[in-house]
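Scroll down for the structure; my scribbles are underneath it.
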Amino acid sequence: MIVREWDPRVATATEITTLVETLNAVMSVDLPDDPPWRDVLMREYLSVTMPGERKISWIAEKDEGDLARGVPILGFASILLLGDIGVVECLVHPEMRRHGVARALMHAIVSQAHSDGFQALGVEVPGATPAVDFYSSLGFRRAFTEQRSVLDLDTVDWYALGELANGVAAGYTLRFYPDSPPDDLIEAYASAKAEVQDVDLGDLDLRPSSYEPDRLRSSLACLHARGLRPYIVVAVHESTGVVAGLTEVVVPEQRPSRADQYDTVVVPAHRGYGVGRAIKARMLFELRSAVPSLNQVQTWNAAVNEPLLKVNAELGFIADREWLEFEAEVPDLARTLGIIS
Ligand SMILES: CC(C)(COP(=O)(O)OP(=O)(O)OC[C@H]1O[C@@H](n2cnc3c(N)ncnc32)[C@H](O)[C@@H]1OP(=O)(O)O)[C@@H](O)C(=O)NCCC(=O)NCCS
């Protein structure tokens, strides 16, 4: 087995296609109900980062050059180096498991994180998969648990949904923006996000939000460049012009039948007026006509976020599986993997 750094920016089309096949082989075993990935903008998906972030990838091959020859690889791993934490991804072909491939890939990741002076690594792990035992075996501990829920658009009662979308109190206007909020709304949009950023649910911030206008602009540009198309509904409080609430859904070009629900925010002063329910319901209406390929929307929520869980249940989201955030200190991992003594 050979583990080597691999740069998707300069990879050949065959390499990218072979990687997508490996990814889909993994998905079909670990998350069989999730739709497969398409080989569309995959290079960009794998390589583009926000300014100031860095992503490094590795592959494990049986023989050097397998990936370029279109031969299935043993595994793939990456690390996204954020402010002070490295976010890990690691996957191994289902037919090549329990032969130490993932451990060898983690050796490369931890060596890099250690020499770059990173203190901690985090990883998001789907519950009830072998990854839970794998990361536990390396000394990772569970830091946070979320529930993933999925809404099947086929099951939506569109009449009832219309009532929810129209159920907002007087004095609020809902607006839908495919792509991005318009530039004159970006400041108000970022302030609405900033107002709720202090609600610390205790998670590791492995998918950080953007709370100030320039970072928000960069984040939207980064999503577009990665083939992740954002759709936004905002509730504007008419008399003050402030953004009272917002909800963001992203449709990946790589998997256009299943969208990801990103942030939903209702500013505290505007809670209790039906804003959260209305913006999420309106979003589903808009998506139905704007994205004909879409069948499902998935969302992740902490068990402590009761109001949002209630809204999601009303909309028809069904709990799917737990999603766990694991964390470990780099020096501890480096000792476990024999990188330092
Ligand atoms: C998790 C995953 C990467 C492990 O790959 P792997 O190459 O089989 O793991 P390794 O052979 O290096 O295992 C190292 C140790 O992890 C533990 N482990 C790994 N898989 C395990 C399993 N199915 N059951 C129990 N322990 C397991 C064991 O302690 C193992 O050592 P051992 O085989 O000597 O007992 C692989 O199952 C996978 O690709 N899962 C899907 C992708 C995924 O969900 N990744 C997490 C999000 S990034």
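Whatever order the structure lists them in is the order used to number ligands and atoms, beginning at 1.
Between Ala165 and Arg282, the shortest heavy-atom contact is CB-N, 3.9 Å. The two atoms that bring Thr173 and Glu238 nearest to each other are OG1-OE2, 2.5 Å, heavy atoms only. When all heavy atoms of Gln261 and Asp263 are compared, the pair lying nearest together is NE2-O, 3.9 Å.
Within the 4.0 angstrom cut-off, atom 44 (O) of ligand 1 has one or more protein heavy-atom neighbours. Protein heavy atoms come within 4.0 Å of atom 48 (S) of ligand 1.
For atom 41 (C) of ligand 1, the closest non-hydrogen atom on the protein side is Asp30 OD2, 3.4 Å. Atom 13 (O) of ligand 1 has Phe134 CD1, 3.8 Å as its closest protein atom, hydrogens excluded (heavy atom only). Distance from atom 26 (N) of ligand 1 to its nearest protein heavy atom, with residue and atom name: Asp133 CB, 3.4 Å. Here the protein heavy atom with the shortest distance to atom 39 (O) of ligand 1 is Val92 N, 2.6 Å.
At most 12 non-hydrogen atoms from other residues, nucleotides or ligands lie less than 6.0 angstrom from OH of Tyr273. Within a 6.0 Å sphere centred on CD of Glu187, heavy atoms belonging to other residues, nucleotides or ligands number 12 at most.
For ligand 1, the polar-atom distance check finds an N/O of Cys90 within less than 3.5 Å of one of the ligand's N/O atoms. Residue Glu124 has no N or O atom closer than 3.5 Å to an N or O atom of ligand 1. For Ser137, a nitrogen or oxygen atom sits less than 3.5 Å from a nitrogen or oxygen atom of ligand 1, counting backbone and side chain alike. Taking any N or O of Arg103, backbone or side chain, at least one lies under 3.5 Å from an N or O belonging to ligand 1.
Each of the atoms 39 (O), 42 (C) of ligand 1 lies under 4.0 Å from some heavy atom of Leu91. Atoms of ligand 1 found under 4.0 Å from any heavy atom of Glu89 (numbered from 1 in listed order, with element): 48 (S). Close approach of ligand 1 to Val26 is summarised as follows: ligand atoms under 4.0 Å from at least one heavy atom of the residue are 41 (C), 42 (C). Close approach to Gly100 involves these atoms of ligand 1, each under 4.0 Å from a residue heavy atom: 10 (P), 11 (O), 12 (O). Counting the atoms of ligand 1 from 1 in the order shown, those under 4.0 Å from a heavy atom of Tyr135 are 46 (C), 48 (S). Atoms of ligand 1 found under 4.0 Å from any heavy atom of His99 (numbered from 1 in listed order, with element): 11 (O).
The option from Met27, Arg97, Met106 that lies nearest to atom 37 (O) of ligand 1, judged by heavy atoms, is Arg97. Closest to atom 27 (C) of ligand 1 by heavy atom, among Met96, Arg98, His93, is Arg98. Of the listed residues (Pro130, Ala131, Ser136, Ala102), the one carrying the non-hydrogen atom nearest atom 9 (O) of ligand 1 is Ala102.
Residue Leu41 belongs to a hydrophobic cluster whose other members are Val40, with links defined by side-chain heavy atoms closer than 4.5 Å.
Here Asp332 does not pair with Arg141 in a salt bridge; the nearest charged N to carboxylate O distance is not below 4.0 Å. Between Asp152 and Arg258 there is no salt bridge, since none of the side-chain N atoms of the basic residue sits less than 4.0 Å from a carboxylate O of the acidic one. A salt bridge is defined here as a Lys NZ or Arg NE, NH1 or NH2 lying under 4.0 Å from an Asp or Glu carboxylate O, and Glu314 with Arg277 meets this definition.
Using modelled atom types, one side-chain atom of Arg43 and one backbone atom of Pro8 make a donor-acceptor pair closer than 3.5 Å.
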*Stepwise side-chain contact (heavy atoms from CB on, under 4.5 Å) check, Tyr231 with Tyr177*: CA-CA 6 Å; Tyr231 294 86; Tyr177 299 105; over 6 Å; no

*Is there a side-chain contact (heavy atoms from CB on, under 4.5 Å) between Leu284 and Trp158 once you walk through the steps?*
CA-CA 9 Å; Leu284 295 174; Trp158 294 100; 4.2 Å; yes

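Contacts between Val101 and ligand 1, counted as non-hydrogen atom pairs separated by less than 4.0 Å, involve both the backbone and the side chain.
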